Amino acid sequence: MPDAYCPGQDRHNPLLSPLFGNWNGLPPLLFHAGSTEMLLDDSVRAHDRARQAGVDADIEVWVGLPHVFHVFNLIPESRAGLRAVADFIHERSVHRRGTLTLARPVADSPASTIPSPIRRWAAST
């Protein structure tokens, strides 16, 4: 596959693949991946690289979902994924700025019916 988008190039160049870049000093990161997508292994590797660099990083792998499943707004997992991203940002924003208050919209379905990822690895704090 890389030959299709970077023929003749060094595949370890961080401009082609962030996996080989400098992860030090990055803000908190949340990785979402579908269990069926071809970039799942890269997402797990990126999460590992971030954690090795001391970055607060989480990864959630969503069962049976494709790459960029968040754009398919007709499926509940899309809305749940976007809610997880919003919650991640909210949690990190409140911890970094003690006086920040963010409005939280009411979910469009009961919490018990919102799908969740198959696996979640959270950074230990």
Side-chain angles (χ1 to χ4, degrees):
M1 179 71 132
D3 287 331
Y5 69 88
C6 61
Q9 300 296 314
D10 177 10
R11 294 181 189 159
H12 292 94
N13 181 339
L15 297 175
L16 293 176
S17 174
L19 285 175
F20 303 106
N22 182 355
W23 292 83
N24 293 311
L26 290 177
L29 300 173
L30 173 63
F31 296 90
H32 273 186
S35 66
T36 63
E37 72 170 88
M38 64 189 280
L39 297 176
L40 174 58
D41 290 344
D42 285 340
S43 297
V44 172
R45 287 173 58 199
H47 172 256
D48 289 343
R49 295 264 163 80
R51 294 287 306 277
Q52 290 169 5
V55 175
D56 174 12
D58 293 357
I59 184 169
E60 297 178 356
V61 179
W62 295 71
V63 179
L65 295 177
H67 185 62
V68 298
F69 69 90
H70 301 83
V71 301
F72 305 109
N73 62 0
L74 296 177
I75 61 172
E77 292 88 351
S78 171
R79 292 186 298 277
L82 292 174
R83 167 58 37 214
V85 171
D87 288 345
F88 182 86
I89 293 169
H90 174 77
E91 290 165 7
R92 284 4 181 240
S93 298
V94 169
H95 291 301
R96 293 180 68 98
R97 297 178 173 194
T99 59
L100 180 65
T101 304
L102 300 175
R104 294 181 48 110
V106 176
D108 56 355
S109 62
S112 61
T113 64
I114 296 175
S116 62
I118 183 173
R119 293 180 282 178
R120 180 178 179 148
W121 294 272
S124 56
T125 53

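In this text, all values refer to a predicted model and were calculated from it rather than measured experimentally. One is the number of the first residue; the rest follow in order along the sequence.
Expressed to the nearest 0.5 Å, how far CG of Asp56 lies from CZ of Arg92 amounts to 4.5 Å. A distance of 9.0 Å separates NE2 in His47 from CG in Leu30, rounded to the nearest 0.5 Å. If you take CG on Leu29 and CZ on Arg51, they are separated by 11.5 Å, rounding to the nearest 0.5 Å.
The heavy-atom pair separating Pro14 from Gly21 by the smallest distance is CB-CA, 3.5 Å. Here the closest heavy-atom approach between residue Leu19 and residue Trp23 is recorded as O-NE1, 3.5 Å.
Checked against side-chain hydrogen bond (donor to acceptor under 3.5 Å, both in side chains), Asn24 has the following partners two or more places apart in sequence or in another chain: Asn22. Residues passing the salt bridge (charged side-chain N to carboxylate O under 4.0 Å, His left out) test with Asp48: none are found, sequence neighbours excluded.
A heavy-atom distance below 4.5 Å is not found between the side chains of Asp58 and Phe31. Side-chain atoms of Ser43 and Ile59, non-hydrogen and from C-beta on, do get closer than 4.5 Å to each other. Within the 4.5 Å cutoff, the side chain of Leu16 has no heavy atoms near those of the Arg11 side chain. Within the 4.5 Å cutoff, side-chain heavy atoms of Val61 are placed close to those of Leu40.
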Apply the test side-chain contact (heavy atoms from CB on, under 4.5 Å) to residues Asp87 and Arg83: give CA-CA distance (whole Å), side-chain angles for both, the deciding distance (0.1 Å), then the verdict. CA-CA 6 Å; Asp87 288 345; Arg83 167 58 37 214; 3.2 Å; yes
Donor-acceptor pairs under 3.5 Å, side chain of residues 65-76 to any protein atom, not counting sequence neighbours: which ones?
unit_1: His67; atom_1: ND1; unit_2: Glu37; atom_2: OE2; d: 2.8
unit_1: His70; atom_1: NE2; unit_2: His32; atom_2: ND1; d: 2.7

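Of the possible donor and acceptor atoms, one in the side chain of Ser35 sits under 3.5 Å from a partner among the backbone N and O of Gly64.
The residues Arg49 and Asp42 are annotated as not salt-bridged, no charged nitrogen and carboxylate oxygen being separated by less than 4.0 angstrom.
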